[in-house]
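Okay, structure first, notes after.
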Amino acid sequence: MAADRPRVLSGIQPTADSFHLGNYIGAVRQWVALQETHDAFYCVVDLHALTNGEWDADELRRRSRVAAAQLLAAGVDPDRCTLFVQSHVPEHTQLSWVLTCLTGMGEAGRMTQYKDRVARYGTDRIGVGMFTYPILQAADILVYRADQVPVGEDQRQHIELTRDLAQRFNHRFGDLLVVPEPYILKATGKILDLQDPAAKMSKSSESQAGVIDLLDEPAAIAKKVKRAVTDTDSAVRFDPDAKPGVSNLLTIFSALTGRPVAELEAAYDGKGYGALKSDLADVVVEFTTPLRERTLGWLDDPGRLDDVLAAGAAQARKVAAETLAQVYDAVGFLKPRE
Ligand code: TYM
């Protein structure tokens, strides 16, 4: 973790019993790769998990461990990066307040995730936390002075807001914060729902029939892949506009095997969707089965898991505390006497 490497920061919510394939292919896979070349900070964002207003305390605790265990099982390596839980580093919320006071109501109100929630539930049924959520996300990133943020396409607007806030802060109080770049891979930034290829794969979708959870049973995963919605044509061709369902399957296949999409198109030329789906079902099950076993292994040893997270939090706090002290001083807070 040499200090001369560029820094990355990313986070994932512990709001489900399992991550889905979109989380992995869109984000976590890049986290694993980037820890080799970057000074990497990855967190389970449990504070963000409260923003839907309905959580169960025991469930949240369990899901936070399940989230950390899945990251470790997927290859996030505490010897190569800093892995921690957001609530263990209070500097995130402390910086968040300063940023909240620099954010316009209209600016926060333009976030599409928030607007979607309002459209779905109305403002009386969503909390203020849902409104301020992207500002906390900005604090997660800025408190580490991250250069890049590896995420899926759905987070692009939040990174834009983060950049605006960093620039605004620097303009008023001096060049303290790093303006981060999104790190979003075009090919895999948006994995689609297998039943509704017009929508992204999402844990909040009403039906989970098109969502592949990494911890699903192998038989359930195979069934979901084999039932994926395609189109009435039968040509296995990558064409996201005309053939979003098949193209999504090719994207997933390519991501999990490393085989280029063009090679897959050639291999399945004339064979039809059945062969593609059946082989992809095997590929996904071969990928998820050991991942599931490693996850359960970590969960069997919560003491070891908590040790990893404690070491990560201590490491993260060193960096976060330094940024926060400089920010607090710059904005005019009295320094507490030592
Ligand atoms: P979350 O927990 O919803 O998702 C975690 C990561 O998975 C990506 N992702 C996808 N990528 C491709 N295709 C999909 N269908 C798909 N679904 C999800 C997300 O883009 C994300 O990268 N607000 C964030 C969590 C967060 C964060 C941060 C991220 C909090 N603080 C700081 C980066 C930096 C979120 O809700 O992600």
Side-chain angles (χ1 to χ4, degrees), residues 9-16 22-23 26-27 43-57 59-60 63-64 67 85-144 146 149-173 177 179-180 182 184 189-190 199-206 320 323-324 327-328 331 333:
L9 172 292
S10 199
I12 189 159
Q13 296 203 48
T15 39
N23 296 134
C43 56
V44 174
V45 292
D46 54 350
L47 299 169
H48 277 105
L50 309 191
T51 53
N52 76 6
E54 289 169 11
W55 72 92
D56 176 86
E59 187 180 67
L60 176 59
R63 286 177 166 178
S64 293
V85 174
Q86 187 189 32
S87 66
H88 291 176
V89 184
E91 286 80 4
H92 293 226
T93 29
Q94 291 175 292
L95 177 60
S96 178
W97 177 251
V98 175
L99 299 176
T100 299
C101 296
L102 292 172
T103 309
M105 291 284 286
E107 191 175 29
R110 281 192 289 279
M111 297 294 110
T112 49
Q113 281 198 350
Y114 168 73
K115 286 201 299 190
D116 288 350
R117 291 277 167 160
V118 173
R120 222 154 117 178
Y121 304 108
T123 46
D124 285 341
R125 286 180 54 213
I126 56 177
V128 174
M130 186 59 79
F131 183 64
T132 57
Y133 150 133
I135 308 172
L136 177 59
Q137 178 166 354
D140 297 339
I141 299 165
L142 298 178
V143 84
Y144 296 97
V149 188
V151 285
E153 188 60 52
D154 61 348
Q155 298 299 313
R156 188 182 289 280
Q157 199 188 26
H158 292 165
I159 313 302
E160 273 306 315
L161 175 71
T162 305
R163 289 171 57 82
D164 290 346
L165 291 174
Q167 277 159 350
R168 191 170 307 156
F169 181 94
N170 286 349
H171 187 68
R172 274 187 63 180
F173 302 107
L177 301 176
V179 181
I184 302 172
K190 188 175 177 187
K200 67 170 183 179
M201 192 177 282
S202 165
K203 61 187 164 245
S204 48
S205 297
E206 262 161 40
T323 310
L324 187 79
V327 165
Y328 268 26
V331 301
F333 292 146

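The model shown is predicted, which means the values in this text are computed figures rather than measured ones.
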Which atoms form the tightest heavy-atom contact between Gln157 and Thr112, and what is the distance?
OE1-N, 2.7 Å

Intermediate values then yes/no, side-chain contact (heavy atoms from CB on, under 4.5 Å), Met201 and Lys190
CA-CA 8 Å; Met201 192 177 282; Lys190 188 175 177 187; over 6 Å; no

Using 0.5 Å steps for rounding, measure from the CG atom of Leu99 to the OG1 atom of Thr162.
8.5 Å

Would the distance check show the side chain of Ser10 and the main-chain N or O of Pro150 forming a donor-acceptor pair, the cut-off being under 3.5 Å?
yes

What are the two closest non-hydrogen atoms of Val149 and Leu9, and how far apart are they?
CG1-O, 3.3 Å

Working to the nearest 0.5 angstrom, can you tell me the gap between Ile135 CD1 and Ser96 OG?
6.5 Å

So, taking the atom named CG in Asp164 and the one named CZ in Phe169, what distance separates them when rounded to the nearest 0.5 Å?
15.0 Å

With a 4.5 Å limit on heavy-atom distance, are the side chains of Phe333 and Val98 in contact?
yes

Does any N or O in the side chain of Glu107 come within less than 3.5 Å of the main-chain N or O of Gly104, such that one atom is a donor and the other an acceptor?
yes

CG/Asp116 to OH/Tyr121 distance, rounded to the nearest 0.5 angstrom?
10.5 Å

Rounded to the nearest 0.5 Å, what's the gap from CG on Leu102 to CG on Leu165? Could you check?
7.0 Å

Thr15 OG1 to Glu54 CD distance, which is reported to the nearest 0.5 Å
13.0 Å

Verdict with supporting geometry, His158 and Tyr114, ring-ring contact (aromatic ring centres under 6.0 Å, His included):
CA-CA 11 Å; His158 292 165; Tyr114 168 73; over 10 Å; no

Tell me, with the steps shown, if Tyr133 and Gln113 meet side-chain contact (heavy atoms from CB on, under 4.5 Å).
CA-CA 10 Å; Tyr133 150 133; Gln113 281 198 350; 3.5 Å; yes

Sidechain-backbone polar pair: Arg117 side chain, Met130 backbone, donor-acceptor under 3.5 Å
no

Please step through side-chain contact (heavy atoms from CB on, under 4.5 Å) for the pair Met111 and Phe131, ending with a clear verdict.
CA-CA 9 Å; Met111 297 294 110; Phe131 183 64; over 6 Å; no

Within the distance-only criterion (no hydrogens, no angle test), does the side chain of Gln86 pair as donor or acceptor with the backbone N or O of Asp46 below 3.5 angstrom?
yes

Can you give me the closest heavy-atom contact between Glu91 and Leu324, atom names plus distance?
CG-CD2, 3.8 Å

Tell me the closest heavy-atom pair linking Asp154 and Lys200, and the distance in Å.
OD2-NZ, 2.8 Å

How close do Val45 and Gly11 get, heavy atom to heavy atom, and via which atoms?
CG1-CA, 4.0 Å

Has Arg63 got a side-chain atom pairing as donor or acceptor with Pro14's backbone, closer than 3.5 angstrom?
no

Side-chain donor-acceptor pair present, Gln137, Gln155, cut-off under 3.5 Å
yes

Do the non-hydrogen side-chain atoms of Val331 and Arg172 ever get within less than 4.5 Å of each other?
no

Closest heavy-atom pair and its distance - Gly129, Thr51
O-CG2, 3.4 Å

Does Leu177 form a side-chain contact (heavy atoms from CB on, under 4.5 Å) with Val327? I'd like the steps, not just the answer.
CA-CA 9 Å; Leu177 301 176; Val327 165; 4.1 Å; yes

Keeping the roles fixed (side chain from Glu153, backbone from Ile184), state whether a donor-acceptor pair exists under 3.5 Å.
no

